[in-house]
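Comments concern the structure below.
Throughout, protein chains are lettered first and strands after them, A, B, ... in sequence-line order, and every chain is numbered starting at 1. Remember, predicted model here, so these are calculated numbers, not experimental data.
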Amino acid sequence: MERFAAFVAEAQTVRPGLRCERFEDFVKLAGPMATRHLRRYVERSIPAAQLLRAWLVAPEHDLLAVAGFRMVEDAYTELMAWAIDEDRGSELARRLQVRWLSDIGISHPAFSTLVRPLRVTTQLGTDDGVPDLVLSGEGMLVVVEAKTGSAEHTTPTSGRMQTEAYLDATRKKLGLSPDALGWTIFITPHRVPAASPDALPTTYIQFALSLASALADLEVSGALRLAYAMLITHLVDHAKPMNSDVRAVTTWLAELGASSGVPDAQILGRAELVHRFAALIGTPEAR
Amino acid sequence: MSHTIDFTFTAEARLYAEHAALVEEMRKAFRESGLAFVNVLSTAMAARLHPTKLRSRVTERWAYWWLAADERAEKDQFGQLYLGWDDPDIVRAGKLQAWASAPAARGEDVTELVELSSDPRLARWCKPARTGTKTSLFAIDVEFSPDRPDVESIAGALGEALSVLTEKYDRLRSAKTKGPRSAP
C-alpha cells in the first residue's frame, strides 16, 4: 500500500492532474449565455415549424416518394415550377413568387409592385447551357440552378461556372438588355454556396416554408391544397441533408410553441438540431 | 484465444465531450458577434470613402474590401484589404490585423505596392514589410479597446489604407496602359 501511495505521488509530478479550473469557470459562465443564445434560435424557428407542420401529411401518403422521385433534380425543378406557375391562378402564383424571392433575400421594390406573376420556364436552352428554372417578366429575370446530388459545373461555351454564366446567357436568350435586373438562385438540400458570390444560396426546405407561409394567408381549394401539402411534405421529408430528420425537429419545435416554453435542460442537448433547422429554413444568422 | 483490448477515453476527451454542445454554442455566438462587427465596420468605411464605392465580401473566415465603381467587376482585379474576422484577438485583446493584397499585380508592381507600408499616411498602422507578396503586401495593425471598439477610428485606418493602396495600384496600371511616351 505504501508503495502504491508513493507511485501515485510520483505520477502526480509526471502528470499533475487536469488543469481545468479555467475550463470549469468557462462552463459555469457560459452555460446561461449559451442557453440564452440558443433560445433565440428556438424562438425564431417555432413559427416556421408551426407553418410547415400545418401542411405535413403522413409520410405514407407522399406519392412522390412512392413513385421514386426522392432527390430527382429534374423532377424537383418541375415541381417547383408547378407550385409557382400562373396555371395555378395568377394571384396565387404572384404571391407565392414574391414570398419565395423575398424570403431568399430578393427584395427589390419592383417585386412588390408586380401585378402579374413572372413567367416560369424550366430547362431553358441558351447558347451557354440550360438553366433549370427561369422566372421572367417586367424586364426582370431570376435564374434558378437546382442540385440534389451533383455539384455545380462549368458551362459548355464560356467555360464559366453555371451560377456565373446563366444570368448573362438567359438575358441574351430572352432578348433582355445586359443591364436588366437579374438574380441567380442556387438551390440545394444543404444550402451549398454557389461558385458565384453574387448568387443566392437556398434550400428546398426554405422553398417549402415559403409555400407554407404564403399559402397560410390564402384561400386554396381542397384538391389544390392537398397537392401543395404533398409537395411540402415530400420536400420536408426528402429534399434535405441525409442526416437531418426535419420532420422530427419541425414537430418538436411546433409542439414547444404550443407549450409554455422551452425547458433549459432540453435546449443545449438539441443545439445541433436547432441550428441545422435554422440554417435550412434560412434564419439570417444561421445562413 | 481472445484478447481484451484495454482502452479508455482520456479525461480531457470526456470533459470536452460532456460540454461540447456548450462550447459549440459559444463559438457560434462568438462568430455572430464577429460578423456583426465586420458589418458595422463595412458601413463606417463606406461612409468615409463615399462617393467612392466600397465593395465587400465575407466568407467563412475572411472579410474583403475593395473600391470599384462597377459592382460586377471581379474583386481580384483590384487592390484590396482582407481580415480574418474570426480571430479571437480582435475580441480578447482589441488587436486587429488586416492585410493589403493585389492578387492580379505583376512582379515589379508588387515591389512598389509593398513599399507603401512606408507611406507617411499609413505609417501609424503599418510596419515596413520585408517580404511582401501580392497576396500579403503589408499588414495594417490597429489596436482598440476590446470593451468598446472605436469603430470610426478602426474604419478610418482601414479606409485610409485601402484608398492609398487603390490610388497607387491604379496609377501603376494606368502607366502600363499608356506605355512609354515618345521623346519630344
Side-chain angles (χ1 to χ4, degrees), chain A residues 15-42 44 160 164 167-168 171 178-179 181-184 191-199 201 264-276 278-279 283-287, chain B residues 8-40 42-43 53-66 68-78 80 82 85-86 88 91-92 101 103 147:
Chain A
R15 191 178 180 202
L18 277 174
R19 292 176 186 272
C20 63
E21 292 89 351
R22 291 190 63 194
F23 185 72
E24 283 170 355
D25 288 346
F26 166 83
V27 169
K28 276 185 205 146
L29 274 172
M33 288 180 186
T35 306
R36 199 163 54 238
H37 181 252
L38 189 55
R39 187 182 287 280
R40 290 210 308 269
Y41 279 90
V42 170
R44 280 179 213 163
R160 295 155 78 200
E164 294 169 332
L167 202 51
D168 291 339
R171 281 190 185 107
D179 298 331
L181 276 177
W183 294 268
T184 302
R191 191 184 297 281
V192 173
S196 163
D198 298 325
D264 277 359
Q266 279 189 22
I267 286 193
L268 276 177
R270 303 215 177 191
E272 199 185 334
L273 291 177
V274 170
H275 281 295
R276 206 176 292 163
T283 303
E285 294 86 348
R287 288 180 187 176
Chain B
T8 53
F9 289 106
T10 60
E12 291 90 334
R14 278 184 274 125
L15 184 61
Y16 170 78
E18 194 181 328
H19 300 291
L22 176 65
V23 173
E24 178 59 18
E25 198 57 33
M26 293 302 279
R27 192 184 73 87
K28 285 191 160 80
F30 162 75
R31 285 175 60 83
E32 260 177 43
S33 194
L35 272 180
F37 175 62
V38 166
N39 286 337
V40 294
S42 293
T43 306
K53 286 281 184 195
L54 177 74
R55 308 292 173 191
S56 63
R57 183 170 303 160
V58 182
T59 67
E60 277 291 296
R61 280 208 59 206
W62 306 100
Y64 300 86
W65 293 282
W66 68 102
D70 180 1
E71 67 173 334
R72 285 194 275 182
E74 173 53 40
K75 110 175 147 52
D76 285 355
Q77 295 304 312
F78 298 90
Q80 54 193 261
Y82 63 94
W85 60 265
D86 64 349
V91 179
R92 187 185 59 79
S101 114
D147 295 331

A/W183: what forms a ring pair (Phe, Tyr, Trp, His ring centres under 6.0 Å) with it, not counting sequence neighbours?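 For A/W183, the residues satisfying ring pair (Phe, Tyr, Trp, His ring centres under 6.0 Å) (neighbours in sequence not counted) are A/H108, A/F111.
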Please check if any side-chain donor atom of B/E24 sits under 3.5 Å from a side-chain acceptor atom of A/H275, or the reverse.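 No donor-acceptor contact under 3.5 Å links the two side chains.
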Check B/E32 with A/R40, please: is the shortest side-chain N to carboxylate O separation under 4.0 Å?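 B/E32 and A/R40: salt-bridged.
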Identify which of A/P193, A/A34, A/A271, A/G31 forms the greatest number of heavy-atom pairs closer than 4.5 Å to chain B.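 Looking at each of A/P193, A/A34, A/A271, A/G31 in turn, A/A34 comes out on top.
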Calculate, to the nearest 0.5 Å, the distance between atoms CG and NE2 belonging to B/L22 and A/H37 respectively.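 Going from the CG atom of B/L22 to the NE2 atom of A/H37 covers 12.0 Å.
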Per-residue contact mode, B/K28 against chain A (heavy atom under 4.5 angstrom):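 Both backbone and side chain.
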Restricting to side-chain contact (heavy atoms from CB on, under 4.5 Å), what partner residues turn up for A/S196, sequence neighbours left out?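 Partners of A/S196 by the side-chain contact (heavy atoms from CB on, under 4.5 Å) criterion, ordered by chain and then number, come out as A/T163, A/E164, A/D198, A/A199.
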Could you walk me through whether B/H19 and A/F26 pass the side-chain contact (heavy atoms from CB on, under 4.5 Å) test, one step at a time? CA-CA 10 Å; B/H19 300 291; A/F26 166 83; over 6 Å; no
